[in-house]
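Residue numbers begin at 1 in each chain, while the letters A, B, ... track the order of the sequences. Please read these numbers as outputs of a predicted model, since none were measured by experiment. These numbers come from the heavy atoms of this one structure, side chains and all, not from hydrogens, waters or symmetry mates.
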Amino acid sequence: MLIKNRLSKREPNLASPATLRGRRYCSWAFVLLVAFLSVVSVEKAYSSALLADLENALMCTCDDKCGKVLGNCTCDTSDKIRIGFTEQLESGLTVQQIIQEQVAKYGETVLSSPTKTGFNLTAWAMPFVAIVAGGFGIRKIVQTWAGRKKEADASEKDKETTDSKPGKYSNQLQQELDKLDS
Amino acid sequence: MDDFTLQYVWAYSSRDLDTFYKISSFWGGQKGSLLFWTLLLSIYTVIVHIQNRKRNALVVPYAMVVMMTITTFFLVLLNFSTNPFEVIPVPPEDGRGLNPLLQNYWMVIHPPTLYLGYVGFTVPFAFAMAALICKNLDDSWIRLTRKWTLVSWFFLCMGNLFGAQWAYLELGWGGYWAWDPVENAAFMPLLVATAYLHSVMIQEKKDMMKIWNMSLVLLTFVMTIFGTFITRSGLIQSVHTFDEATLGYYFLAFLGVIIVICVGLILSRLSLLKSNNELDSFLSRESSFLFNNLMLLGIGFATFWGTIFPIISEAVRGVKITVGPPFYNQVNVPIGLALLALIGIGPIIAWRRATWSNLKKNFMKPLLAGLLAAGVLFPFLPLGSRSEIYSYITFVLCVFVMTTILIEFFKGAVARKSLHDEKLPEALASLVWRSKSRYGGYIVHIGVVLIFAGIAGSQSYSAHTEKRIKIGESLKVKEFTFTYERLGFIEENATKTRAIAQVGVYKDGKRVWTGQPEKEFYKGQNQPVSEVDVLSTWRQDLYLILADFGEDESATLKIYVNPMVSWIWMGGWVIAFGTMVSVWPDRLEQRRRLERMKIQSAVFSPAQE
């Protein structure tokens, strides 16, 4: 605090134009350095995010055929593959280009999930089609069952009007059922 | 134990192997695991016989025949195809030893737990088949197997969770679930069995959905055999596949026979299985259970479809493709979220018919709690990616579901308190004690909510770094600084050497933990095994892996900060507690069920005739 005060007091008197210019250069150099470092670190963060995308999109291609997605694999081969991908990313290749290169080399099996084109679309669509169809089916079933119940209730009412005794007992049974259900 | 005249003992054990692992090597290979399966099945058969030796004379003999037929299938395999007692003519001095990856305490716990679940589902399957064969299709087979189903479900559930924990601690990639085909194979019967446990309640209460429940219990068993087929066929590439996976055709044939018999029996008994299906309203707990079944089976189907799609693709296009985690995460997560919402809706929607006023009354507080959580979490959680949005929705739904469950407990306890003049904790305890099945189920739901929250937290907000550093250098992940301090070596025995890195962990300049990740080298093994070190707290796991090291003592460290992973394991224990409560003998519940059955038979029998 003391030093800061002393500096602020001395500054107006001691700063010559040359010093001021020097300071300005220093500030610019500092700003540029920060900008460079942040670009580098962003670049690195960006490249590590891209590597994560690749690790998620591709399978490990080790000789053991471990069957693991690259991101989950811990074998020596997977480490070498990662280093290779990092170098390719740094050389300017995009994730898509690297993926295409891998598919050309190993075939479609190197991809960790089916593509969303052609026959592979059935892989993605089928579960949802099944659920939607099942949902409609359940809706239809529930409506049918509820309708059946309504019909049964209506005929029960008709019965009650003609014969009061059984209606009375069935009401009692219904109430007991209600009690048990609650 | 060290009888190396037996080929299997030689292949999976060695003299200096820990006794603990010598026991686990019993199920370490295909032959041994089949023998273990047969042993469990035989024990279960004996228990079923002892339980029922003086009762249920109509169904039990048939059930025993079914169980013994299945046992015979396994015995045929063991005797004529994959004999675990094969002898080596000139016995070697020592064995090859157990795969280092299997030398982990989870190996002792995870497979037996999973097998107890797998094999356990044979009992409800056998009773369902018996009921179909002898045309005794009332609820008796369900009552007889209720606890078997619950216990098997519990073991399968815990087996899956233990497997996840093993993968997390042993495989060293920072995750716990990889959607491997064999993981899927254990997950699918769990989903179908969960669907059955819910829909069977409708049959017990309303004598409905007999065909559906019968199909579900048979499908659960079919799925357990399908899982075994995958592990032992080598047809689908998997981390878990046994080295000598050669039994595919046997299991495929067995699977085919079971499916044909099951479908045939159901079709031939269709008229007897038809029940008087009536629902009072679309807005009812029964409907919500049907949708719950749809979601569970939806996830089950998506998982099955993903597992077999490589075979379908190869058959149709001649191209074998891979279906890995990105597929399952994209397909199953939205369905899982719908299921989570239904876990909240199911218990508070009324049986038979829910009126709008009733819905408003029951849903108001949980919905408000959910909205409040959405508002409170919004500024704190990043929503930049699909995964983060899913996690945000999961947290909101977790709060909604948890509120519905807690309100159920609270309402019941308050009502009991005022009725019986008890203190609130006492009222709560006796409430649970007097309705074990219902409140045990709610406790299980709490466990499931914790698992959902744990998955959401760990999948979207974890951070990791990997770098080669020298002694004294540091890495920063989130608010933690990890300083690599030293590297040491321990020669544990003639076959095993451990390289241990010491890593000091600092938060705000204060040392909070000393991690010691290891790399273990086994004589005769090409790949060393990573032993991760984890500091697990309720907030996050600090997860350290020693990936590699050099002669200059520099080391490649992989560091993960995984939030909320411990919630998943905690959820597992809550599920265990809830299942224990549910399974605990309940005379009151039995009496209630008997009364209900009497009344039901009085009400429904004329309609059935």
Open item on the list: Given 3.5 Å as the limit, does a donor-acceptor pair link the side chain of B:Ser313 with the main chain of B:Val319, or not?
Closed with: yes
- [ ] Just say parallel, tilted or perpendicular for the rings of B:Tyr543 and B:Tyr560, cut-offs at 30° and 60°.
- [x] perpendicular
Task: When A:Gly134, A:Pro127, A:Ala123, A:Cys73 are compared by non-hydrogen pairs under 4.5 Å with chain B, the top option - done: A:Ala123
- [ ] Could you walk me through whether B:Asn184 and B:Thr303 pass side-chain hydrogen bond (donor to acceptor under 3.5 Å, both in side chains), step by step?
- [x] CA-CA 6 Å; B:Asn184 296 348; B:Thr303 310; 5.7 Å; no
Task: Contact class of B:Glu286 relative to chain A, heavy atoms under 4.5 angstrom - done: neither
Open item on the list: Is A:Met126 close to chain B through its backbone or its side chain, or both, or neither, when contacts mean heavy atoms under 4.5 Å?
Closed with: both
Task: Part of A:Leu111 lying under 4.5 Å from any heavy atom of chain B - done: backbone
Open item on the list: With a 4.5 angstrom heavy-atom cut-off, is it the side chain or the backbone of A:Arg139 that approaches chain B, or both, or neither?
Closed with: both
Task: Engaged part of B:Val323 at the chain A interface, taking heavy atoms whose separation is under 4.5 Å - done: both
TODO: May I ask you to decide if the ring planes of B:Phe301 and B:Trp305 are parallel, tilted or perpendicular, using 30° and 60° as cut-offs?
DONE: parallel
Open item on the list: Which one wins on heavy-atom pair count under 4.5 Å against chain B: A:Ile141, A:Val69, A:Asn120?
Closed with: A:Asn120
Task: Option in A:Ala130, A:Gly107, A:Gly135, A:Gly137 with maximal non-hydrogen atom pairs under 4.5 Å from chain B - done: A:Gly135
Task: Residue, of A:Asn72, A:Val142, A:Ile138, that accumulates the most heavy atom pairs under 4.5 Å with chain B - done: A:Asn72
- [ ] Could you check whether the rings of A:Phe119 and B:Phe309 sit parallel, tilted or perpendicular, using 30° and 60° as the cut-offs?
- [x] parallel
Task: Side-chain donor or acceptor of B:Asn293 paired with backbone N/O of B:Phe289 under 3.5 Å - done: yes
- [ ] Let me know if A:Thr115 has heavy atoms under 4.5 Å from chain B in its side chain, its backbone, both or neither.
- [x] neither
- [ ] Give, as side chain, backbone, both or neither, the part of B:Ile335 having an atom under 4.5 angstrom from any heavy atom of chain A.
- [x] side chain
TODO: Among B:Leu294, B:Leu191, B:Val333, find the one that has a side chain to side chain contact (heavy atoms under 4.5 Å, CB included) with B:Ile299.
DONE: B:Leu191
Open item on the list: Please identify, among B:Gly306, B:Pro326, B:Ala338, the residue contributing the most non-hydrogen atom pairs under 4.5 Å to chain A.
Closed with: B:Pro326
Task: B:Val316 versus chain A, the contacting section by heavy-atom distance below 4.5 Å - done: side chain
Open item on the list: So does A:Asn56 get a backbone contact from the side chain of A:Ser112, meaning a donor-acceptor N/O pair under 3.5 Å?
Closed with: yes
TODO: Kindly say whether A:Leu70 contributes a backbone atom to a donor-acceptor pair with the side chain of A:Arg82 at under 3.5 angstrom?
DONE: yes
